[in-house]
Amino acid sequence: MRMRIYNTLSKRTETFEPIHENTVNMYVCGPTVYNYIHIGNARPVIFFDVVRRFFEHQGYMVNFVSNFTDVDDKIITKAIEDETDEMTIANKFIEAFYEDARRVGSSTKYLAPRVTEYMSSIISYIERLVEKGFAYEKNGNVYFRVDKIPEYGALSGRNIEDLREGARVEVDTEKENPLDFTLWKQTEQGITYPSPFGEGRPGWHTECVAMIHDIFGEKIDIHGGGTGLMFPHHENEIAQHRALAGNAIANYWMHNGQLNIDEKKMSKSEGRIILVKDLDHDYMGYRLFTLSTHYRSPIDYSDDILINHVNEWQKIKRTYSQTFYQLDLADQLDKKGVHDSQLSKIHQGFIEALEDDFNTPNAITELHNLVKYANQKIRERNTYPVMRGALELFDVFFKILGLNPEVSRLTKTDRAIYMEWTNARKNREFDKADRLREKLQERGIL
RNA sequence: GGUCCCGUAGCCAAGUGGCUAAGGCAAUGGACUGCAACUCCGUGAUCGCCGGUUCGAAUCCGGCCGGGACCUCCA
């Protein structure tokens, strides 16, 4: 079976055809580093990590790139507030981002270009847009001529006419068209960079296309990000790249739905915001929660819903560790597992779910099926080869989903306590058995 | 005002024209257990409402009700 991906640009589910055989070149819009990330920011961090893991599992070589926006008004404001410089703020929150990404189980081993490292590329990209007549300079500011791109709006399902009608009264009369967006901004406050248009800063929309152009040198396979970026950010990226290269930069555009809190969009001003670092629950439970809804649907966060998934994760983890420990106790951990028809069926269901536009909820259903099956085998006697097979399958699923049960081999002490407990129960020494049981529970073995 | 999305059991959620509408959490009955926990087996749905298309609709079309997003460099 081939992978199928819903392409926001065509509004259809398409079979994935890589540009280069067995390779996936993908780019995901990263954060503006002026604050700790919130749980909504974590959704793409988790989801696209799974996308990468699954492609890799399917034998693709994945070149994953996700940027850091480290030049931005919000960073400047934050630097002034904290009486420091922009670089300090950016560095601090880049570190914090990596820490949060690891907390939620996502890999941080990928290329993460920063705007400050690509300034000359961004400037020359803008220059070329001006040369070709797609952009114009006014008083040190450079704007993109939206009218020059007939397809403008195709990604987000709008057209220039609708946008014009809906546009609020624009104070900025410098623009030829209120919909034109800023490529370069002449500024006095905060860090500035020299350019042929004067001292200033780049607008937000050029960095991704300039980086993709520089790093990949051509159109990429997948461009991803949150729905909130579809308009105007991704629309503007496409417009710029159509202007220079005549294509939409990426063959497949993927967008993850928004995360809401209590059915409303997260809002800092209304105090409805939860930072990843402040989430006082099991992060694997949070990851499971995120993956339990299809990525394109909005997802609603509440403490109750999260606890629901934290419990779910506890159960999965318990089954995994019980399978692991029982095999360990029987010295069967290093033997090869047997994959019976039931395990094969579960495995196949899991892969098919993910091939179908990354249907993680259905993949998780197969994980539950595996949990049930493993538990049944634990209760039966002499099923070690199948238990070992189940454990191997758990490992495959966990690797793809980025879940980590953190179970390691029993120590000598662990084994000794376990044996003692078994004996105490056999000898009907229940007081002793209860004390040992408590110990085993503390060690997470029971 | 313009554009668009969603409404499936107490909660989360899959399914988007066709066998008895997946799965999980919670609840509850039973089995297992020295007791318990864990686990296993069982128990739950007029698919927001009304109408239409069709041999057949949760799935398509229309209307209504309810919730939400975007049109402001918010993932």
Side-chain angles (χ1 to χ4, degrees), chain A residues 28-32 37-48 66 69 72-74 153 156-159 161-170 178-179 181-182 185 202-205 207 224-234 236 255-260 263-269 273 288-289 292-294 296-302 304-316 318-319 321-322 349 353 356 359-369 371-380 424-426 428-431 433-434 437-438 440-441 446:
Chain A
V28 178
C29 290
T32 301
I37 60 166
H38 57 64
I39 56 175
N41 294 316
R43 172 120 99 142
V45 172
I46 293 170
F47 173 66
F48 288 105
S66 185
T69 302
D72 181 271
D73 287 356
K74 281 177 288 212
S156 52
R158 302 148 203 264
N159 58 59
E161 287 311 306
D162 288 341
L163 287 167
R164 193 169 281 148
E165 274 182 45
R168 311 280 161 88
V169 181
E170 187 84 42
L179 298 175
F181 56 91
T182 307
K185 198 175 190 173
W204 176 42
H205 306 302
E207 59 187 69
T227 309
L229 294 180
M230 240 159 78
F231 187 88
H233 185 57
H234 289 162
N236 293 350
H255 293 93
N256 64 273
Q258 186 174 265
L259 182 140
N260 300 316
E263 294 175 351
K264 289 251 175 68
K265 182 176 166 172
M266 242 191 268
S267 155
K268 210 173 176 182
S269 55
I273 186 163
L288 194 63
F289 155 72
S292 289
T293 297
H294 187 87
R296 283 191 276 123
S297 302
I299 185 168
D300 194 40
Y301 174 91
S302 73
D304 287 349
I305 297 170
L306 179 59
I307 288 166
N308 192 323
H309 291 91
V310 168
N311 290 342
E312 212 174 300
W313 172 241
Q314 292 302 328
K315 178 173 170 178
I316 293 165
R318 206 153 44 218
T319 302
S321 60
Q322 279 312 303
D356 181 17
N359 195 324
T360 53
N362 283 344
I364 289 169
T365 292
E366 297 297 343
L367 178 57
H368 286 300
N369 289 338
V371 165
K372 183 168 288 185
Y373 191 61
N375 278 322
Q376 286 167 346
K377 292 296 149 190
I378 290 171
R379 290 298 154 126
E380 291 171 23
R425 287 200 308 161
K426 205 180 285 173
R428 308 187 64 84
E429 298 171 87
F430 297 128
D431 284 347
D434 285 351
R437 178 212 271 164
E438 212 169 300
L440 289 168
Q441 281 169 338
L446 274 188

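If you're wondering where the values come from, they're calculated on a predicted model, not measured in any experiment. Residue numbering restarts at 1 for every chain, and letters A, B, ... go by the order of the sequence lines.
Partners of His233(A) according to the side-chain hydrogen bond (donor to acceptor under 3.5 Å, both in side chains) rule, which considers only residues two or more places apart in sequence or in another chain, are His205(A), Glu237(A). Applying the ring pair (Phe, Tyr, Trp, His ring centres under 6.0 Å) rule to His309(A) yields the partners Phe289(A); only residues at least two apart in sequence or on another chain are considered. Remark: Asn369(A) engages Glu366(A) in a side-chain hydrogen bond (donor to acceptor under 3.5 Å, both in side chains) (not counting sequence neighbours). For Asn308(A), there are no side-chain hydrogen bond (donor to acceptor under 3.5 Å, both in side chains) partners two or more places apart in sequence or in a different chain. Not counting sequence neighbours, the partners of Arg296(A) by the side-chain hydrogen bond (donor to acceptor under 3.5 Å, both in side chains) test are Asp357(A).
Between the NE2 atom of His234(A) and the P atom of C74(B) there is a distance of 13 Å, rounded to whole Å. For Phe231(A) and C4(B), the CZ to C1' distance is 13 Å, given to the nearest whole Å. In this entry the distance linking CZ of Phe181(A) with P of C71(B) reads 15 Å, nearest Å. Rounded to whole Å, the distance from NE2 on His294(A) to C1' on A13(B) is 13 Å. Remark: C1' of A14(B) and CG of Leu367(A) are 15 Å apart, rounded to the nearest angstrom. When the P atom of C74(B) is taken as reference, atom NE2 of His255(A) falls 15 Å away, rounded to whole Å. In this structure, the CG atom of Leu259(A) is 13 Å from the C1' atom of G68(B), given to the nearest Å. Here G7(B) presents its P atom at 14 Å from CG of Asn260(A), a figure rounded to the nearest Å.
Under the Watson-Crick or G-U wobble criterion, with both distances below 3.5 Å, U33(B) is left unpaired in every strand shown. With a cut-off of 3.5 Å on both pairing distances, U59(B) has no Watson-Crick or G-U wobble partner at all. Pair assignment for A21(B) gives none, since no Watson-Crick or G-U wobble pairing has each distance under 3.5 Å. For G7(B), the paired base is C65(B) (Watson-Crick or G-U wobble, both distances below 3.5 Å). The base-pairing partner of G42(B), taking Watson-Crick or G-U wobble contacts with both distances under 3.5 Å, is U28(B). C70(B) is paired with G2(B) under the Watson-Crick or G-U wobble criterion, all donor-acceptor distances under 3.5 Å.
Taking CD of Gln322(A) as the start and CG of Leu446(A) as the end, the distance is 6.0 Å to the nearest 0.5 Å.
A donor-acceptor contact shorter than 3.5 Å links the side chain of Asn359(A) to the backbone of Asn362(A). With hydrogens and angles disregarded, no donor-acceptor distance shorter than 3.5 Å links the side chain of Ser156(A) to the backbone of Met230(A).
G62(B) and G23(B) have their C1' atoms separated by 34 Å, given to the nearest Å. The separation of U46(B) from U28(B), taken at their P atoms, amounts to 22 Å, rounded to a whole angstrom. Taking the P atoms as reference points, C73(B) lies 23 Å from C5(B), given to the whole Å. Rounded to whole Å, the separation between the P atoms of U8(B) and A58(B) comes to 15 Å. G44(B) and A21(B): their P atoms are spaced 12 Å apart (whole Å). Between G2(B) and C11(B), the two P atoms lie 34 Å apart (nearest whole Å). For the C1' atoms, the distance from G66(B) to C49(B) is 10 Å, rounded to whole Å. Annotation: A9(B) and G52(B) have their C1' atoms spaced 28 Å apart (nearest Å).
Place Asp72(A) and Ser292(A) on RNA chain B by their nearest nucleotides, and Ser292(A) ends up nearer the 5' end.
Between Thr293(A) and A13(B), a side-chain N or O to OP1/OP2 separation shorter than 4.0 Å is present. The phosphate of G15(B) has OP1 or OP2 within less than 4.0 Å of a side-chain N or O from Asn359(A).
Across all strands, Gly225(A) comes closer than 4.0 Å only to sugar-phosphate atoms, never to a base (heavy-atom distances).
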* Using a cut-off of 4.0 Å between protein heavy atoms and nucleotide atoms, how would you tag nucleotides 23-39 of chain B 5' to 3' with B, S and -? -> SBB--------BBB-BB

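For Lys377(A) and Glu380(A), the salt-bridge test passes: some basic side-chain N is under 4.0 Å from an acidic carboxylate O.
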